[in-house]
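To start, the structure itself, in structure tokens.
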Amino acid sequence: MEAFVNVPQNEYTPPPLTDKRRRGIYILPNLFTTAALFAGFYAIVQAMNDRFEYAAVAIFVAMVLDGLDGRIARLTHTQSEFGAEYDSLSDMVSFGAAPALVMYEWALQDLGKFGWIAAFIYCAGAALRLARFNTNIDVVDKRYFQGLPSPAAAALVAGMVWVGIDNGFSGNDLRWYAAALTIFAGVSMVSNVLFWSGKSINLRKSVPFIVLIALVLAFALISSYPPGILFGLFLVYAASGYVIAALRWRKRKLGRPEQPATNPSAAVSQDEADTPAAPAEGTSTDPGSKP
């Protein structure tokens, strides 16, 4: 019979070896995330080579790939914490650094210090937007985004570059418009304005045949003039959040009951104040009714 020596544990004794399982990753959704990261990096390289049209198209390609990786992960039940973190880092490159550098190289560098400050506002807004999204992912309404999504903001910047080049404008011709749009996109990403997320759409649910026809017509419309149609769609989407916020603010203001004006010269006795006034003709005594 073998004898086992009981070695006392102290601070110099190495910890016992443990058999740790190596955690793997899902290849399919992360493959699309890597492709989106490559598209963002490709946009930066093309901007450095003054090929801005290719850079703008690459950002739109990154948008498509970024939308697919999350959908595929949910449909195939391959969500993971690693995938979520990897997707955020990829978004920072593709929709944060890449659009800011593309716009700076195309138009903002002619503005000097103000140009790179505008580009930095956009880049910092994208970083703050992604950080807030990751921390509030379990507490916000899934139907809406808090602040403009970074892919939509990137589409505004890349769309303006694409439209300007397609119509023969140089970056110097549109530098002030480019700076205003870049700052608007950066500030909108960190605002509290709500934007429709589209996550309420159920892809597994059957739809009427007219929906398929509408999709075909939408693809035909976009293919007729991709730069202008895509830029216009995302410009309308960016404005929709502010329009809805203004309508909600106006509705709350109109629905708030007005406080009666007090006249200090008119003294009312306690008995008269406690006596309820008779309802006017044509009104209801129900507190829930509105005139």
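A pairwise comparison of heavy atoms in Ala58 and Ala43 identifies CB-CB, 3.9 Å as the closest pair. For the residue pair Ala153 and Ala185, the shortest heavy atom distance occurs at CB-CB, 4.1 Å. Residues Gln146 and Arg129 share a closest heavy-atom pair of O-NE, 3.7 Å.
Looking only at distances, no side-chain donor or acceptor of Thr78 sits under 3.5 Å from a matching main-chain atom of Tyr26.
Using cut-offs of 30° and 60° for the angle between ring planes, the Phe195 and Tyr242 rings count as perpendicular.
Within the 4.5 Å cutoff, no side-chain heavy atoms of Asp66 are placed close to those of Thr33. Tyr225 places a side-chain heavy atom less than 4.5 Å from the side chain of Asp166. Taking 4.5 Å as the limit, every side-chain heavy atom of Ser94 sits out of range of all side-chain heavy atoms of Ile59. Residues Leu235 and Leu156 form a side-chain contact, since some pair of their non-hydrogen atoms from C-beta on lies under 4.5 Å apart.
Taken together through direct or relayed side-chain contacts under 4.5 Å among Ile, Leu, Val, Met, Phe, Trp and Tyr, Ile222 and Leu68 form part of one hydrophobic cluster. Cluster membership for Phe41 and Leu65, using ILVMFWY side-chain heavy atoms within less than 4.5 angstrom, is not shared. Trp176 and Tyr122 fall within the same hydrophobic cluster, defined by Ile, Leu, Val, Met, Phe, Trp and Tyr side-chain heavy atoms under 4.5 Å apart, directly or through other members.
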Going through the distances and angles, do Phe60 and Trp162 end up as a ring-ring contact (aromatic ring centres under 6.0 Å, His included)?
CA-CA 10 Å; Phe60 278 99; Trp162 196 3; 5.7 Å; yes
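Shown are Leu148, Ile121, Leu128; of these, the side-chain contact (heavy atoms from CB on, under 4.5 Å) with Val190 is made only by Leu128.
To the nearest 0.5 Å, atom CD1 of residue Ile210 and atom CG of residue Leu217 are 8.0 Å apart.
For the pair Arg248 and Tyr144, the cation sits on the ring face: its NZ or CZ lies under 6.0 Å from the ring centre, inside 45° of the axis.
Heavy-atom contacts from other residues, nucleotides or ligands closer than 6.0 Å to CZ of Phe38 number 12 or fewer.
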